[in-house]
Amino acid sequence: MTTQASPLLDWSPDAVVFDCDGTLMDTERHWQEARTRALRAFGLRPAPGFAERAKGVHYIDCGRLMAEEAHKPELTGDLTTALLEHFMELVANDPVTMPGAAEFVRSLSGRLPLAVASNCPLEVVEESLSRARLRRHFRHIVVPSGMPPDAPGADPEAVTPGVVRPKPWPDVYATAARLCGARPHRALAVEDSLTGVESAWRAGLRVLGVGPQPAQAHAGRADLWVPALHSPLLKSWVRDRVPRPAGPADRIGEQRGHEQHG
């Protein structure tokens with residue numbers, strides 16, 4: 001769905017769950033560089049179109065994909081380790097927020113619960129948000145904890161207790177919404193990748209897509225796409241549909257109003 005006449009703009013969520021890479025933090029370029037460096041260390045190059053295929057993919061799955069596409073399955077572990085090491089070095093030296101991200105987060109903070117659902121390791125998300133001075137705005141950060149054992153006939157949409165699978169599984173978004181005290185259909189996911197959109201959609205959240213709208217069919221699973229988080233549409237939406245909780249002065253005024261009408 002495009003930016004025109006979206007029902008999302010007439011809706012008020014009970015919680016907002018953000019992706020991190022490419023949504024809050026401008027780290028996708030770091031992942032691309034880290035993949036290139038990791039492959040180069042073994043005399044390899046990324047295949048054409050690899051950056052788009054790897055966007056939003058958990059780094060362990062990305063390491064596996066790198067090895068598969070290079071026809072070097074024996075390098076899966078080494079490539080995965082090198083990928084994460086290069087990425088953490090890059091992001092530590094250059095933490096940059098996406099356009100409008102900090103302003104959008106601050107405009108929502110204090111109005112309703114906020115969380116982050118990311119495929120990145122917890123320490124990467126914590127460090128990135130702390131350096132950007134955004135960490136305090138989020139009640140919860142949810143990252144993958146592992147993969148459940150394969151079971152014949154298992155429901156692929158079911159969330160296994162104690163296990164949080166990476167996107168595109170629904171677990172990170174389902175868990176974040178629950179921790180925020182919101183039912184999935186009452187929570188909004190903010191995402192930049194098709195992998196993340198798929199995860200949030202499968203979890204039952206409504207989805208705001210950010211950045212260039214992909215041409216693939218799954219892009220339609222987002223309720224709305226905006227070019228960036230500083231979109232005037234979002235500023236108006238926060239003002240009109242995400243009210244601030246009543247403060248002490250407001251409550252006193254309401255009480256006096258009731259007394260006058262009593």
Side-chain angles (χ1 to χ4, degrees), residues 1-3 6 8 13 15-32 34-35 50-62 65 87 91 97-101 104-105 108 114-122 124-125 128-129 134 138 140-145 147 156-157 159 164-180 182 184-185 187-229 231 234:
M1 183 171 288
T2 66
T3 58
S6 170
L8 187 70
V16 179
V17 185
F18 289 83
D19 169 55
C20 187
D21 283 357
T23 300
L24 291 174
M25 302 301 299
D26 186 10
T27 48
E28 188 57 38
R29 59 196 173 91
H30 293 327
W31 279 119
Q32 290 188 36
R35 290 190 289 266
F50 182 78
E52 189 60 32
R53 292 192 294 279
K55 188 175 182 180
V57 175
H58 189 264
Y59 78 95
I60 293 177
D61 293 326
C62 186
L65 184 61
F87 174 76
V91 78
T97 57
M98 294 296 292
F104 187 54
V105 168
L108 291 171
L114 304 181
V116 172
S118 175
N119 265 356
C120 277
L122 180 60
V124 173
V125 180
S128 297
L129 295 177
L134 293 177
F138 297 100
H140 308 284
I141 294 177
V142 180
V143 300
S145 64
M147 293 291 291
E157 302 303 317
V159 176
V164 179
R165 298 166 294 184
K167 305 171 190 178
W169 299 98
D171 302 26
V172 288
Y173 277 109
T175 301
R178 176 177 57 79
L179 290 173
C180 286
H185 72 280
L188 175 67
V190 185
E191 264 289 351
D192 74 304
S193 73
L194 288 178
T195 299
V197 169
E198 176 75 4
S199 171
W201 180 82
R202 290 169 68 178
L205 279 70
R206 301 187 76 170
V207 184
L208 171 66
V210 182
Q213 181 171 352
Q216 291 93 324
H218 284 180
R221 290 180 174 172
D223 296 87
L224 172 68
W225 280 91
V226 293
L229 290 175
S231 166
L234 296 183

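All residue numbers in this chain count up from 1 along the given sequence. Since the structure is predicted, the reported quantities are computational estimates derived from the model, not experimental observations.
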Distance (rounded to the nearest 0.5 Å) between [X] [atom1] and [Y] [atom2]:
X    : Y    : atom1 : atom2 : answer
D26  : T97  : CG    : OG1   : 8.0 Å
N119 : D21  : CG    : CG    : 8.5 Å
L234 : L229 : CG    : CG    : 6.5 Å
D19  : M25  : CG    : CE    : 12.0 Å
S193 : E28  : OG    : CD    : 8.0 Å
L208 : D192 : CG    : CG    : 11.0 Å

Whether [X] side chain and [Y] backbone form a donor-acceptor pair below 3.5 Å:
X    : Y    : value
H140 : A115 : no
S6   : L224 : no
S118 : C20  : no

When D171 is tested against each of R165, R178, R202 for salt bridge (charged side-chain N to carboxylate O under 4.0 Å, His left out), which residue passes?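 Of the listed residues R165, R178, R202, the salt bridge (charged side-chain N to carboxylate O under 4.0 Å, His left out) partner of D171 is R165.
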Candidates R221, K167, R206 - the one meeting salt bridge (charged side-chain N to carboxylate O under 4.0 Å, His left out) with E191: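 Of all the options given, the one that passes is K167.
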Return the minimal non-hydrogen interatomic distance between [X] and [Y], and the atom names on each side.
X    : Y    : value
L114 : F18  : CD2-CE1, 4.3 Å
S199 : W169 : OG-O, 2.7 Å
A203 : A174 : CB-N, 3.8 Å
H58  : P166 : CB-CB, 3.7 Å
R35  : C62  : CD-SG, 3.5 Å
V17  : V116 : CG1-C, 4.2 Å

Are side-chain heavy atoms of [X] and [Y] found at a separation under 4.5 Å?
X    : Y    : answer
V207 : L188 : no
C180 : F138 : no
W225 : P214 : yes
V164 : V143 : no
P121 : Y59  : yes

For the residue pair W31 and F87, does the interplanar ring angle fall in the parallel (under 30°), tilted (30 to 60°) or perpendicular (over 60°) class? parallel
Output, in order, the C-alpha distance, side-chain angles, deciding distance and verdict of side-chain contact (heavy atoms from CB on, under 4.5 Å) for F50 and L65. CA-CA 9 Å; F50 182 78; L65 184 61; 3.6 Å; yes
